[in-house]
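Numbers restart at 1 for each chain; the letters A, B, ... are given by sequence-line order, proteins then strands.
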Amino acid sequence: MKGLRNSKRGPKIVPTPEVTGWELPDIEKWRLYFPIEKVASRRANIRNPDTAQMLAEAFVPSGSRDKIIIDVLPGPGQLTRALLKLPKCRIKKIIVLEPANTFMPYLKSLETLDPRVTVYQYHGKEWDTYRKLKELGAFDDIVTTDWNDGSSIVHPQLQFLMHMHSSIEGEQLLSQLLRCVPERQWFFQYGRVPLNIILPAPVWERVLAKESTPIRCKLGVIAQATMEIQNAVDPRKLQPFEHHFHPKPMLNFADAALKKGAIPHVALTMTPWKDSPIEQGDMDIWDYVIRRLFVQKATPVKKCLESNSLGPGAANMIPKLTDSSLPEDSILDLTKIPRNLAVHDWKLIVDAFKKWPFRPSELGINTFTERPNNLNR
Amino acid sequence: MIPRTGRRLQSSTCQFLNPTKRRCYSTPSKKANAAASVSASASLSHDLGMGFPPFGLAQGEVAARGGAQASPSPFEEHLTTILARPTPLTFIPPPVQGKVTSSLGTSKAIDPGMKSYEAAAIASATWYTDSKTIDMSGIIDACLHNLYDVQRANDVFKRLRTQLVTLPVAAPSSTDMDSRSQPPPSIITASLYNSFIHAYVGMAQKDEFQREYWLEQAYSLYDVLETGAEGVESNAQTYAVMMSLWWKLKSRTIHLDEPWNAASTSSSPSPPTPAQILTAITSRGIPIMNVISHPSLDSPDVMAEIAKVLSGEAVKLGLKHVLEELGEAIGAIEGLEISFEVQEGNDQVNMDDVPEVRPVLKEVKRKDLTTSEDTPSHVTPPTLVNLRSTLAKILSLRRVLPSTSTSDLYARQKHIESSVYEMAEERMKEEAKMWKESGLEERVGLSALGKKDGQLKSWIWEWHCLLTERIKTEVKKLDQSLSPTSKTRGRASNLDQALAPYLNLLPASVLSLLTILETMRMQGSGGVSGGMKTARALIGVGRAVEEEWRQRGGGRKSRIIEDDFTTAMANLKAHGESVSSPSARASEVEASIGLVTDASTNPSPSGLRWKINQSPDDFKPYTASWSQVTRSQLGAVLVEWLMDVAKVVHVLPDADKTGEVVSETQPAFYQSYEYVRGTKLGIIKLNSLVIEKLASDSLERTIHPRHLPMLIRPRSWAGVRDGAYITRSASAMRFKSSIEQELYLREATSSGSCSLVYAGLDILGSTAWKINKGVFETVLKVWNDGVRMGKVPPAVFDVEEPTLEETSASDISAMEKKRDHGIKHRQWSQAKANNHSDRCSVNYKIEIARTFLNDTFYLPHNLDFRGRAYPIPPHLNHIGDDLSRGLMKFADAKPLGERGLRWLKIHLAGLCGYDKAMFDERVKWVDERMDKVRDSALKPLDGARWWAKADDPWQALAACMELSAAYELPDPTTYESSLPIHQDGTCNGLQHYAALGGDATGAKQVNLAASDRPSDVYTYVALNVERLIEEDLKLAEVEGGVSSLSEAQKEKLEHATILSGKVSRKVVKQTVMTTVYGVTFVGAREQIERQLKDLSLKMKENGEDGLKDEKIWGCSSYLAKKVLMSIGETFSGAKAIQTWLNLCARLIAKSIPPTRLQITTDKAGRPHVNLPKSKVKKEQMTSVIWTTPLGLPIVQPYRKTARKQVMTKIQSVYISDPNAPNEVNSTKQASAFPPNFIHSLDATHMMLTALECRNQDIAFASVHDSYWTHGCDIDRMSAIIRDTFIALHSSDVLKKLNTEFRERYKGYKIPMDNISSATCSLVKLLAAAGTRIKVPRYHATSLKPLTDILEFTDDTSSSAGIADSSDVEESKIGKEHNEEDAFLHALGEGEEGYDLENDAELSSTKLSKGKADKPTASLLAGKFIDLTDLIPPLPDKGTFDVENIKKSQYFFS
């Protein structure tokens, strides 16, 4: 099909940006102005200005003061515009991170119109970005609050806002951000910084999935162990997709699979727990334990341990987990299957694992020395 | 001796040519700016006319050769005869998918088309046995063993017979079928029937209550064989079994209440009388000796008894010749009786009296010296004890059959092969005892971290004891639950029931050891570090059980004697050849070569090998192969039990830094799952403690003999699975799970058309090797020191573990650092894992070298499916890495002579990377470094270690030692050298292409044409590319200023500017090399991208600006285009051939055999295809098959894979069933064909060279395109290499291939929409390649999409084979539907939503455009065309004449 695409389609003609400052092109013509290029594919951005206003109000409600917003992957900037339209006292500055060329003119124009906006053509998924920004002094005015200080519930200034990639890449980034929480890394070094994420519904479902549900997975366990998670707005208010988001799917495709961009999206606000069950420095262990046990997500934990899921000799942990001399809430019901374990249960396993002298030292994913090309053979 | 003038000339030209000295090294990273070498080679070529000796031959020899050219030597005649004969072709119908039985009974329409369709399916079923049937025969085999469950075997046998035997009856006499093919040897064989008769007799003896029932069964089955009712007939074994039954009845071993003849009164079949049997034997022309001496007769008593009875009958019947033969036989048997007494009565043969056993003793002693000092020297070597009993047997045997084995080596070899597990067990038992006595066991057990050698062995012993017990218990339980008297019968699961007979095949101790050793051996396979994929492990263990069982001859007792007896008798009687006698093999090889001359006069081959193949399979015991399912399930129970019992104790001396010693019992092997790219993959892992030991402990006796070299010359290949090892089965070809390949090879073997290939394999296997002791000592020292040296990995991984930089919480980039650390750490731990596995593999090599230190050994060879030869022992062989090669040398030594000394030096220079210079320069280069050579040889580790810096250090060390030893002598030329000297093809693939295509420029660059300096095609291409870049740089000037350039041109200019002066040999090397393998543009771009990144890094290291990262992609794309263009220009003929090969393969892979098309003829006499459209895809089963000039059929195995889920005890695994072929993978078939074809050619060239080297009595070994011999023989081998290459390429290889395709695929048809459709423009390529089909003019519109290749004719007789299908209407609709789907799909499914970029409007126009195309495309739907009409004409050949190669000294160098 490659040949067909090249020979029969002319070069892409993108209209020259009609940059008029605040105004974005007619939202019905966004597909023309913002064609899906590689760098901006698999992304959904707020298109409808009313929706944007609703979300802005939800993310930065009245009573907020002098917020510093890190605005990642805003696309053409509909939501950014809505934020700027909020009463000025609520927001002190907005740092926009957007890598795609297509959107640049429409974002850069904001920079000239409102001094609170700074646009960087960087990608929010690169750790490098934050180092560069710090070197540029972009975070100099952020105060550091004591994580455990009862007086500050969440970080008073900083708020991280992201239109999440609907690909595996987006999910990876989210899980990496979550992993920073217990280690107090990244923005969490400044305190309990809330995340506002606009994300595809399937990921949202998994993030919120409670124990004993079929879609319970590692992402959900870690998210719930690190963050208090709430819907920013009623998810129904963001449906249907084509009404609120860009890119509007091509309706003449009857096949549902072809409406690839049309995955429903929702918005979440996630705030780090004050006391996460994951202790600082334990993230790798949590990661390993959850990953290994979820491989056999429907097998009783006892059997998992007996079959050496956590390393050879893992069965030796069983007596430690079921020691009857322990208080009741420290005894694990080993008949539970990994999918049905609550965060508390996970903590019991992790603690036992930490105390196991023979636990594997290599916790990474290192099984394959080469790319296996013949699965299951 | 080189004449003085010649030498002077050489040295003067050498000085003249010296400006490019650095180019003489193969330092690939050097920038290739030396245009001088290319032009110089051109300017000096005229010197060749001035008596410059071709490839350095002495003057006299040149003259001799000149004469030889005038009148070709005998072998050249041979060569021409072999290569000129019409290639003997093998035909087998392609496999058919799915069930055969479908509409057999209900064939409503008696349609000839339908009939042949069914016939083809049936034919396919008789050729290709499916897994279910294989399983049935497997279970029969297992149940019959020791009469385990004869009733069950009988039930399965009945089903098998109704299923298979009725097939040919139901099949119509298939005239349409390929009449050239013979009915294949299916699973239904006489030996299967015989083994049932044998079992019935056994049951009659055992089961006194049902004696008559079993006897009746035996009689009736004998009747079936006698009448041939089921297509199988009696053979010697049948009669032997019947005679033994007769004897048992007579001697009352089987006691019947009623007398022997009374059975005939019943209605059932009656027992045959000896007279009847004798009549039957003579009427079938079976030699009576084959019956009398058959191994199924238990003892000489019986033999004699039967012989007597038969001779009595013979007298009555007046069969004089039988009497004569029997007279001899009785004499021989009487001799046997005595010897049997010796064996049974006197187990303690006094070893000291038997001088032949010495080598065994010596070996044992030597082992003691080299193993660790832990072994007390006074202990009798454990191997000796268990050797004795076996040796006693062998000795007694020797008395019986003095001609069988005159050498102990034969006995030793046989012993190694036959009792590997017993030997290992015995030895470990001894060692375990020793440890216990010395208190070592406790020490070993306690200090798990200790470095004691032997830890691994003590573990294995421990596991082995436990596992043996476990297997015994489990099997007993299973048998009890299955026994008819048991109350628990039926409790065992179906799976267990199915496996029970298999578990009874081998002793528990053998099953146990086999499971342990196989599991450990597979560690690290499949890219799993410290483990293996479960499916692979299970199948591996299952297969090992199968092989062991097969090797034990299906479980017959005292098989060593029987086997020898059988073989010897068979050989003595049939061929008068003894298995091991080297002279006999040599004569056989000669016979095979002689066969060639026969072939010219007599088309039916008459070689000895052919005779062997024709010998009746009376002597081959019945054994069935097992299916993958059975293997994996059997493997699973064994591995499960192993995982259950095998434990190690993990001890931490100081956990938690409290000084407390904690310990824990952990499994040694465990099952685990990993997610790999979203797929859950089962893995069996080894405990890290075990892995550690595997890399350091001695592996003695854990290596299976099929992984060891042989002590005697490998047995000649007599058949596909008959050759190499004496008793172990080996396969002559490594089939890529393709049953078709095996069938073709079998057919070709039995027709004798590929005898020469087997002869070649025998020659390669007959090359004798020795361990290079000097190198071995050095390697051992390095190994024991545990340091990294010359590619020997260190004992402890010597790269420091990357540490994570301490970061403060306030560091925003902590995550970045952590990520970088993660990447680094992952690389590090992978390097560590690799170090481990390298260490393991070196350990194996050293262990084997140690074992064979004082022996001459041989490497049996087999072929890959393209005909390339490989040594079978995987660990230590000459094809292996530098270390393996350095450790080996020829067993025979020959005086170097003047020329040999010179070649030795050239060889050393090459190993050091100085291989681009002229030969004289290389000699001089070494001469200048003689002090370093001596230092390396005398003080390899304590000296300057000059050798260690060489490209191939160990081989360089070996060469240094050889050279230095030679110069110790007053006259170095008299030195007896055994070091193999290499002659390597320079880019051999391209050499073959250039010769095929007659590319003059290309030929020169790959040294086909004469030149006094080696050419280097990589440098040539690099320079060429630089020239193209220079042209692009001038773009701006040409077009009049940068501003007037188009965007594309500007880009070009930019890339040219960046790359100018940076294109080195290294950048283009991989791409040029892989051209032969059909590298695509994308592949080439990626290769070049890697090289540019490397280059950029190097530049940065040197403080220059590297290439900008964002430019590399564009640059590599630009450069790839230039490189491919340059190669295309240089090898234009080759390019055309590659295209032709590719197109042929594409066509073949789409074709359907005529028997499956259900062709009928309509009223107008036009053929009509009745194959439903929906089935077309499933019928595209045709592989690309061709025959090499030596007659080897080559079948490309690439098919679509379908995996089946198999439940095993451990997990369910997905395995593909090689017995159920799917449609071909046409892409793979096409892209792989050109390289495979070239490989089949280089394999042929190698084989021809091997044959001729044997003819001239030159030692020969090869690594594909690197040919080895003694230094003094290099000149002669060089001449042979050239002669064979020329002969090969003068034999119209391509023309023959073309003819073969047209013959092989005659009548095959291709669906026309496969060559031209919206998604496929094959027709354009065909048109460009010159394909033209002749059709009557009225086809002009209906075949419009094919216009490019149409040629109109009015002569209907010459028009192409076009056929319509009745399914056209239906298919048109289907087609439209499909196409729309495909189109939408393509629009929607592009990468990363790329295709969604345009708005709806744009897409809809696209859609309508697609619709507009459709009518023309669907014109072709349902139409078929003959494959042979579409094959393009062969491309024209260039001007290069292969005869020129004779003058090229650097062709192979």
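A:W356 touches chain B through its side chain: at least one heavy atom from C-beta onward sits under 4.5 Å away, while N, CA, C and O do not. Proximity to chain B is limited to the backbone of A:Q176, based on heavy atoms less than 4.5 angstrom apart. Both the backbone and the side chain of B:E664 have a heavy atom closer than 4.5 Å to some heavy atom of chain A.
Listed options B:S632, B:P667, B:G531, B:A668 were ranked by heavy-atom pairs under 4.5 angstrom with chain A; first place goes to B:P667.
A distance-only check finds a donor-acceptor pair linking the side chain of A:N316 to the backbone of B:T665 [under 3.5 Å]. A distance-only check finds no donor-acceptor pair linking the side chain of A:R292 to the backbone of B:S672 [under 3.5 Å].
The environment of NZ in B:K824 is sparse: at most 12 heavy-atom neighbours from other residues, nucleotides or ligands sit within 6.0 Å. With a 6.0 Å radius and a threshold of 12 heavy atoms from other residues, nucleotides or ligands, A:K320 has its NZ atom at or below the threshold.
The residue from B:L689, B:V690, B:N687 that alone fulfils the side-chain contact (heavy atoms from CB on, under 4.5 Å) condition with A:P312 is B:N687.
Of all heavy-atom pairs spanning A:V295 and B:Y673, the tightest one is CG1-CB, 3.1 Å.
A:F358 contributes atom CZ, which lies 6.0 Å from atom OG of B:S663 (distance to the nearest 0.5 angstrom).
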